[in-house]
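Just so we're on the same page: letters track the sequence lines, and every chain starts at 1. Side chains are part of it too, since the values below use all heavy atoms of this structure and drop only hydrogens, waters and symmetry mates. Note that the coordinates shown come from a computational prediction; the quantities given were computed from them, not determined experimentally.
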Amino acid sequence: MPELPEVETVRRSLEPILIGKKITQVEVNLPKLIKIPSGDANAFITTLTGSAFKDIRRRGKYLLFNMDNDWALVIHLRMTGRLLYVEKTAPIAKHTHFIFSLDDGNQLRFHDIRQFGLIYLVPSDQIDLISGLKTMGPEPLGTEFTLDCLKEAIKGKKKKAKVFILDQTCVAGIGNIYADEILFQAGIHPEETIDKLSEEKQNALWQAIKDRLKAGVEHRGSSIKDYVDGFGEAGTFQHQLKVYGKSGQACLNCGKQIEKIKVGGRSTAYCPECQKK
DNA sequence: AGGAGGCCCTGGGTGC
DNA sequence: TGCACCCAGGGCCTCC
């Protein structure tokens with residue numbers, strides 16, 4: 001499940017090889033993934049063909065490819081999306097929905113088993129047309145994400161802690177895996193009401209958000225099931241996980257059994273001893 | 001405002 | 001072996 005560290009790893013893997021490359025041909029096999037212009041493969045193909053990659057940015061879990069014709073190709077990988085840079089002779093894997101042929105003879109392919117991925121093509125100065133980007137909260141690894149910034153976002157909110165950190169308008173880029181890991185490190189119960197946290201816990205949450213995401217990036221993401229970078233390489237952060245996917249196992253910190261509950265409709269693993277309300 | 005539920009979708013796992 | 005069912009989950013939606 002690509003979250004901030006996985007999306008950032010994809011960005012870093014693709015950036016050096018895509019910048020300056022021109023798209024010579026676009027093949028769309030599943031137009032419904034194009035949200036803007038809605039399902040319009042022809043407009044999508046016409047606009048992108050002949051343009052070159054200028055830069056690749058990331059905002060939350062979105063990848064933004066700025067093209068030299070002032071359009072931006074924006075991609076959200078959701079759960080099973082992959083962006084792969086391959087030779088054009090490589091066999092086409094099942095679930096390959098988009099193929100961008102490049103002027104270096106290789107291809108960038110978008111592959112997505114569950115077809116949940118989202119693709120947008122917007123003028124690069126109008127990325128706010130994408131509602132998820134328009135309302136996106138602060139980048140947790142950026143300088144704007146200060147302790148005061150987090151406290152301000154928390155103020156008056158009655159959401160459960162896990163629901164709060166998964167809310168992209170509160171903090172950008174956190175998904176189910178890192179949410180559980182962050183709350184474990186901060187010693188916060190996932191169902192604790194967020195504005196009931198003590199000063200000390202708010203500080204611990206702030207530190208844990210930055211620390212776990214940074215560690216995820218350093219380990220090139222977590223490859224639980226589907227995630228790989230732009231070259232098909234797996235990450236290694238899955239070996240650092242303390243609670244996600246560990247329900248029934250002993251907590252590495254206290255030995256108590258990790259429990260599994262549902263919070264905000266998401267499966268949640270936590271240690272009842274280390275994460276008390 | 002928050003919470004619950006549904007929807008999109010495939011494949012892997014389990015139970016009979 | 002086959003079939004039914006459940007689960008995984010990000011973002012967006014509706015309804016209460």
Side-chain angles (χ1 to χ4, degrees), chain A residues 1-8 10 29-36 38-39 58-64 74-83 92-98 110-120 122 127-137 139-140 152-183 189-197 213 216 221-228 238 241 243-248 258-270:
Chain A
M1 297 128 247
E3 304 178 26
L4 186 155
E6 290 75 30
V7 178
E8 177 61 22
V10 172
N29 298 322
L30 196 61
K32 70 168 185 177
L33 297 190
I34 304 172
K35 302 304 164 184
I36 300 177
S38 184
R58 179 194 56 75
R59 183 78 175 91
K61 302 174 199 170
Y62 290 81
L63 278 169
L64 293 83
V74 180
I75 298 180
H76 194 303
L77 302 172
R78 296 288 274 273
M79 262 75 73
T80 54
R82 291 179 170 185
L83 273 172
I92 309 226
K94 194 180 170 186
H95 308 298
T96 298
H97 307 311
F98 291 76
F110 180 74
H111 176 274
D112 188 1
I113 292 174
R114 289 188 213 168
Q115 306 177 15
F116 279 9
L118 307 169
I119 299 196
Y120 309 83
V122 293
I127 57 166
D128 275 0
L129 289 171
I130 299 161
S131 61
L133 281 176
K134 187 181 166 73
T135 59
M136 186 74 69
E139 278 297 322
E152 198 55 40
I154 285 174
K155 205 178 282 180
K157 296 241 170 60
K158 306 291 178 195
K159 294 169 187 281
K160 291 171 176 172
K162 168 126 181 203
V163 174
F164 175 85
I165 60 171
L166 281 176
D167 185 337
Q168 304 299 299
T169 70
C170 299
V171 193
I174 300 171
N176 210 35
I177 298 173
Y178 292 89
D180 282 1
E181 296 299 313
I182 287 164
L183 292 175
H189 191 290
E191 293 183 300
E192 177 72 281
T193 303
I194 194 74
D195 80 342
K196 292 244 176 76
L197 292 180
L213 293 174
S222 308
S223 294
I224 307 279
K225 239 184 119 203
D226 299 289
Y227 166 74
V228 289
Q238 64 276 16
L241 301 178
V243 284
Y244 179 86
K246 310 273 182 201
S247 61
I258 304 294
E259 286 188 8
K260 188 177 171 183
I261 55 171
K262 283 252 182 213
V263 183
R266 302 274 176 257
S267 76
T268 300
Y270 77 106

Whichever of A/Gly132 and A/Asn176 has the more 5' nearest nucleotide on DNA chain C, that residue is A/Asn176
- Task: Verify the contact: side-chain N or O of A/Lys260 to OP1 or OP2 of C/dA8, cut-off strictly under 4.0 Å; return yes or no.
- Result: yes
_Is the phosphate of C/dA8 approached by A/Thr80 (side-chain N or O, under 4.0 Å from OP1 or OP2)?_
no
base_contact_polar (B/dG11 base, A/Arg114 side chain, donor-acceptor, <3.5 Å): no
Salt-bridge present (A/Lys158, A/Asp195; N to O < 4.0 Å): yes
Considering only heavy side-chain atoms of A/Lys158, the closest of B/dG2, B/dC8, C/dA8 is B/dG2
**Asked** Should the ring pair A/Phe98 and A/Phe110 be called parallel, tilted or perpendicular, given that the plane angle runs from 0 to 90° and is split at 30 and 60?
**Response** perpendicular
Item checked: Any A/Tyr244 side-chain nitrogen or oxygen under 4.0 Å from OP1 or OP2 of C/dG9 -> yes
Whole-Å distance, A/Met136 CE to C/dC12 P, equals 8 Å
With the threshold set at 4.0 Å, does a side-chain nitrogen-carboxylate oxygen contact exist between A/Arg59 and A/Glu139?
-> yes
**Request:** Looking at every strand, decide which applies to A/Lys35 at a 4.0 Å heavy-atom threshold: base, sugar-phosphate, or nothing.
**Result:** nothing
Atom CE of A/Met79 and atom C1' of B/dC8 are separated, to the nearest Å, by 9 Å
Taking B/dG2, B/dT10, C/dA8 as options, the one with an atom nearest any side-chain atom of A/Ile113 is B/dT10
Of A/Thr268, A/Val163, A/Asp180, the one forming a side chain to side chain contact (heavy atoms under 4.5 Å, CB included) with A/Pro190 is A/Thr268
Checking B/dG2, C/dA8, B/dT10 against the side chain of A/Ser267 (C-beta onward), the nearest is C/dA8
